[in-house]
Each structure stands twice: as structure tokens, then as C-alpha cells.
Amino acid sequence: MLDQKLIRENPKSVEENLSLRGKVHNISHIHELTLKKREIDIELSNLQYESKKLSKLIGQEISKSQNNNSPEINNLKIKGNEYRVKISEFEEKQRIFDKQINTEISKLPNFPSKDAPIGKDENNNVQVKTWGDPLKQEHLKSHWEIGESLNLFDSIKSTKISKSRFITLIGNGARLERALINFMLDTHTKNGYLELMPPALVNSESLKGSGQLPKFSNESFKCSNDDLWLSPTAEVPLTALHKNEIIDPKLLPIKYVAYSPCFRREAGSYGRDTKGLIRLHQFNKVELYLFCEPSKSSEAHQKITSDAENILKKLNLPYRIVDICTGDLGFSSSRTFDLEVWLPSSKCYREISSCSNCQDFQARRSSIRTKIDKKNTYLHTLNGSGLAIGRTMAAILENGQQKDGSVKIPEALVPYFGSNLIKNT
RNA sequence: GGAGAGGUGGCUGAGUGGUCGAAAGCGAACGACUCGAAAUCGUUUAAUAGGUAACUAUUCGUGGGUUCGAAUCCCACCCUCUCCGCCA
């Protein structure tokens with residue numbers, strides 16, 4: 001959520017900032033609404049002042065005369081009634097304006113950071129670094145081929161259970177998934193993150209708070225009988241955890257790591273990544289999340305990114321980091337580093353983690369503040385996948401494949417998986 | 001799901017129509033006393049919006065309503081607790 005005061009006082013700068021995203025945002029209508037609302041606020045406040053004064057006077061008169069029905073008092077009551085009528089008119093107006101302004105502002109995305117590369121779309125993203133040697137042989141198997149031959153998962157049968165884009169993990173596949181979750185959680189908790197396991201169903205308020213609503217209702221699954229949705233990422237419950245709080249600065253920064261299943265409708269991606277573990281309606285993810293003071297968020301962003309990278313390094317998976325350009329930034333983010341893992345079968349890097357600094361955008365939507373120099377200040381929130389489990393499994397299968405059809409398990413994972421090889425039995 | 005009780009400031013808790021943003025206590029901050037501390041005494045101690053400020057308004061779970069006036073009365077919803085039922 002952008003600052004309403006800024007929109008009222010400096011709409012030009014707001015438009016300029018938003019235009020960095022490569023799309024024109026005309027906010028003049030919102031600007032006008034805020035000005036009108038301001039007038040209403042002032043007028044209402046004046047009316048309330050007069051009315052309050054009169055009510056006190058009536059109270060005094062009644063206790064003085066011991067009679068609440070004298071003509072003088074009745075006259076005062078009639079006057080009071082006039083105030084009441086006017087006040088409720090203004091309150092109604094205020095309500096309407098508040099609602100309009102709020103709906104409009106919550107549709108506006110975050111400002112891109114000044115440090116984000118300027119660009120129109122994903123083609124303008126900037127590769128920051130690469131790590132490891134990408135495997136580039138011909139005739140390498142895709143992870144779904146490997147999964148099928150080693151009987152690690154089944155998507156065809158899963159359509160019986162649900163529909164397409166769901167997976168059932170089997171045997172070593174299920175075991176590998178579990179090993180990855182535990183490995184990642186252990187690694188991050190050793191690095192100072194507190195482990196949480198939040199609810200998978202979240203209410204509309206929570207989705208608004210982190211930026212998925214009102215604009216992206218199409219991308220999450222809704223439970224029709226309740227005001228509950230299947231959470232698309234642990235970012236949602238983790239933001240909502242501290243909704244409407246003023247957090248003691250001594251407790252900052254707050255660092256969470258959470259395993260959660262994630263549910264996404266993937267509307268509009270028909271035909272893309274239909275095979276394998278890359279794009280599913282349900283997937284597992286270990287998420288890093290951080291609340292900190294505004295002055296510390298850039299540094300924290302580097303840190304959260306390197307904590308996510310750490311997993312890829314330990315698993316010995318080649319990857320690169322991409323600095324997302326202003327035109328390709330997610331709705332809530334001001335700056336994002338994507339970690340992309342090398343998938344040899346498709347000979348390209350695929351996103352496996354997205355590390356974002358949302359600055360005060362989510363904190364303002366969710367009202368999460370701290371005291372800085374006695375002033376309430378919105379915190380900055382950061383999130384990063386650390387990592388998406390399914391895509392990590394895909395990368396391990398493809399990068400660890402051996403000529404005999406078996407798959408080598410990265411050393412760091414062996415204690416968790418219980419074996420250094422998956423082979424056909 | 002049924003029956004009952006309840007939601008008040010950082011916490012405990014009083015307040016059932018009138019100057020109440022709210023007694024009292026605890027906690028916290030500052031000051032006095034002290035070499036220092038404890039104890040004691042004194043003062044201060046909610047948030048939000050607008051305003052340079054004085055100040056003004058709003059907020060007693062949330063949203064409506066009644067009234068000149070609502071923490072207090074009415075309606076709806078949410079949440080918590082106890083008992084019963086069901087369940088991992």
C-alpha cells in the first residue's frame with residue numbers, strides 16, 4: 001500500500017515512480033478523492049466539535065435544573081438533533097470516500113527501488129552472477145523421465161485424485177521431498193531463523209495484507225463456504241502474524257523460516273510446463289521471512305538472498321542470480337533477486353527462489369510498525385524462497401543423473417535422505 | 001454443532017446513559033532521598049488522523065443502530081473461556 005498522504009500531497013512523484021514499472025499509472029482520480037475526503041474530514045470534525053459541546057451543555061443544564069423536559073432544554077435538544085442529522089450525512093460521505101480511496105490505492109503496486117535496473121520486461125533483467133558449472137551434454141533426461149523410470153512420482157494418476165497439475169510422490173520421491181524440507185529447515189534455523197509452521201488456510205484480510213488481494217483473486221483457490229483461501233505462499237501467513245502490531249525495536253530483526261504447502265491456480269499458464277515438478281497447483285516450499293527497520297532492509301536483502309543461495313551451494317546445484325528489472329517486479333516488491341537453477345534437460349536456468357524487499361508496502365497494508373525515536377514507523381518486510389522443494393528435486397534429479405539411469409544425491413543431503421544414490425530396484 | 005459466560009489502556013481490573021479516553025493497582029520512565037542501590041515519596045506514562053503549535057476529532061472486540069449525549073441500551077458478526085456432542 002502506498003502512503004495516502006504522499007498521493008494527496010505529491011501525486012506527480014507517485015506517478016513518476018510507478019511509471020518505472022513500464023506502465024502508465026494515472027492516479028489523478030485518487031488524488032482528487034483524497035482532497036475531497038480531506039475537506040469532508042475537516043467539516044465533520046468541526047460539526048462533531050460543536051455537537052459535543054452542545055451535548056455537554058445539555059447535560060449540565062439537566063443536572064442544574066433537575067428537569068429534563070423544560071422548554072429551554074427541549075430547544076437545545078432540537079438543535080442537537082440537527083447536528084446529528086448533518087453529522088450522519090458527513091459520516092456516510094466519509095465512509096464512501098474512505099472505501100473508494102482504499103480500494104483504489106490497494107490496486108497500486110509498490111514503488112521500484114532506485115537500485116533496481118530499469119527495464120520493460122524480463123528481457124531487461126540483469127544477470128548478477130553465476131555459480132557452478134552447468135551440465136551441458138546432449139541426450140540428458142528430463143526430471144519427469146527420470147521420475148518415471150525410477151518411480152518417484154505420478155502425475156497421470158494424480159488427475160484421478162484431483163486434476164492436472166497435481167503430483168503424487170512415491171517411495172524415494174516422497175522421501176527425497178521430506179529430506180529436502182528437513183535439510184533446508186535445519187540449515188536456516190542454524191543461521192538464526194526461527195522455525196514456524198503457519199496455517200495453510202488464510203483469510204481475505206491476510207491476502208490483502210501481503211498484496212495478493214484485491215488484484216490477484218484469480219490466482220488463489222478460495223473455499224466457497226468460508227472467508228478462507230489456500231495460501232499461495234507462506235509469505236501471506238507470516239506477514240499476517242504481526243498484523244496490527246507495534247513491535248519492540250529490541251526484538252528486531254525478526255527472522256522466520258517456515259515450511260508450507262503452497263497452492264496456486266496458475267490461471268493463464270495453460271500448456272506451459274505441463275510435465276514434471278515445475279508448475280503445480282500444490283507444491284512445498286521453505287520460506288525465509290524477515291521484518292527489520294527501514295534503514296537495514298537493503299543489507300538484509302543481500303543477506304536473505306545469500307542464505308537462500310547457501311542451499312543451492314550445499315546441494316552443489318549450478319545457479320545464477322538475476323536482478324529483476326523495474327518492469328518485471330512483482331506487485332509488492334521494490335527489488336527482487338531471483339535465484340535460477342540450471343536444468344540441463346531444457347538447457348536453461350529456471351527460477352527456484354525469489355528474494356524480495358517489499359520495504360514498507362506490506363507493513364503499511366498490514367499495519368506493522370515499530371518505534372524509532374518515539375515515532376511509529378512502518379517496518380520493512382523481506383521474503384525469499386529457501387527454496388521451492390519441487391523445483392529443487394527436479395534440479396537434483398537432472399543434475400545428478402548418471403549414465404546407468406541412477407541419480408546421485410548431493411552429499412549434504414545424504415544424512416537426510418539416508419542414501420547417496422537413487423537407483424532402479 | 002448445542003448451552004452458558006465474557007471481550008475495557010503494556011498487564012490486572014472498576015465503570016450499566018451526562019463534563020469518561022476512562023478509577024485503582026501493577027509495570028515502566030523521570031526526579032527527590034542515598035556514596036550507590038533497595039525501600040519510600042513526587043511527577044509522568046494509549047493509539048490514529050489533521051495542524052509548525054496551541055488544539056480538534058476518532059477509538060473501550062468489529063460493524064451498524066437508538067439518543068442532544070453510548071464503554072454503558074438494541075441488532076449483526078468475530079474472538080476467548082466453561083460444559084455437552086463430534087473428532088486427529
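Because the structure is predicted, anything quoted here is derived from the model rather than measured.
- Ring geometry for A:His242 versus A:Tyr256: interplanar angle under 30°, hence parallel rather than tilted (30 to 60°).
- Taking a pair to require two hydrogen-bonding distances under 3.5 Å in either a Watson-Crick or a G-U wobble arrangement, B:U67 remains unpaired.
- Here the C1' atom of nucleotide B:G69 and the CG atom of A:Asn74 are 15 Å apart, to the nearest Å.
- Ring centroid separation for the pair A:Phe111 and A:Phe361 does not come in under the 6.0 Å cut-off.
- A ring-centre distance under 6.0 Å is not found for A:Phe291 and A:His380.
- Set against B:G18, B:G50, B:A47, the side chain of A:Ser55 has B:G18 as its closest nucleotide.
- Pairing of B:A29, defined by two Watson-Crick or G-U wobble distances under 3.5 Å, is identified with B:U43.
- Here A:Gly59 lies in heavy-atom contact (under 4.0 Å) with a base.
- For B:U34, there is no paired base (Watson-Crick or G-U wobble, both distances below 3.5 Å).
- Considering only side-chain atoms of A:Ile58, the nucleotide from B:A47, B:U19, B:G18 that sits closest is B:G18.
- Within the nucleic acid shown, A:Asn81 comes within 4.0 Å of sugar-phosphate atoms alone, with no base atom in reach, counting heavy atoms only.
- With both ends at atom P, the span from B:C83 to B:U66 equals 41 Å, rounded to whole Å.
- The CG-P distance, from A:Asp98 to B:A57, rounds to 19 Å in whole Å.
- The side chain of A:Arg95 contributes no N or O atom lying less than 4.0 Å from OP1 or OP2 of B:U58.
- Each of A:Leu54 and A:Glu92 was matched to the nucleotide of RNA chain B holding its nearest heavy atom; the match closer to the 5' end belongs to A:Glu92.
- A:Lys37 comes within 4.0 angstrom of nothing in the nucleic acid, heavy atoms only.
- Here the nucleotide nearest the side chain of A:Lys52, chosen from B:A47, B:U19, B:A57, is B:A57.
- Within 4.0 Å of A:Lys79, counting heavy atoms only, lies no atom of the nucleic acid at all.
- Nucleotides B:C73 and B:U82 place their P atoms 26 Å apart, quoted to the nearest Å.
- On the P atoms, B:A49 is 41 Å away from B:C33, given to the nearest whole Å.
- Of the candidates B:G51, B:U66, B:G18, the closest approach to any side-chain atom of A:Arg84 belongs to B:U66.
- Taking the P atoms as reference points, B:A5 lies 14 Å from B:C75, given to the whole Å.
- Taking atom C1' in both B:A54 and B:U59, the straight-line distance is 23 Å, to the nearest Å.
- Nucleotide B:A54: unpaired (no Watson-Crick or G-U wobble partner with both distances less than 3.5 Å).
- A perpendicular orientation is assigned to the rings of A:Tyr416 and A:Phe183, their planes being inclined by more than 60° (bins at 30° and 60°).
- In this structure B:C77 sits in a base pair with B:G61, meeting the Watson-Crick or G-U test at under 3.5 Å.
- If you take atom C1' in B:G9 and the same atom in B:G61, they sit 14 Å apart, rounded to whole Å.
- Rounded to whole Å, the P atom of B:C86 lies 48 Å from the corresponding atom of B:U67.
- Checked against the 6.0 Å centroid criterion, the rings of A:Phe331 and A:Phe216 qualify as a close aromatic pair.
- Listed candidates were B:C68, B:A47, B:G51. Nearest to the side chain of A:Lys77 is B:C68.
- Pairing partner, B:C83: B:G2, with both Watson-Crick or wobble hydrogen-bond distances short of 3.5 Å.
- Separating the NZ atom of A:Lys56 from the C1' atom of B:A70 is a distance of 14 Å, rounded to the nearest angstrom.
- A:Lys53 comes within 4.0 angstrom of no nucleic acid atom, judged by non-hydrogen atoms across all strands.
- Judged by Watson-Crick or G-U wobble contacts below 3.5 Å, the nucleotide B:A23 has no partner.
- Picking from B:G51, B:U58, B:A47 the nucleotide with the shortest atom distance to the side chain of A:Gln48 gives B:U58.
- Distance check on atom C1': B:A14 versus B:A23 gives 6 Å, rounded to whole Å.
- Counting heavy atoms of neighbouring residues, nucleotides and ligands inside a 6.0 Å radius, atom NZ of A:Lys222 exceeds 12 of them.
- Of the two residues near RNA chain B, A:Glu9 and A:Leu76, the one whose nearest nucleotide lies more 5' is A:Glu9.
- Here the nucleotide nearest the side chain of A:Ile62, chosen from B:G50, B:G18, B:A47, is B:G18.
- The aromatic rings of A:His301 and A:Phe337 lie parallel to each other, their planes meeting at an angle below 30°, with 60° marking the opposite boundary.
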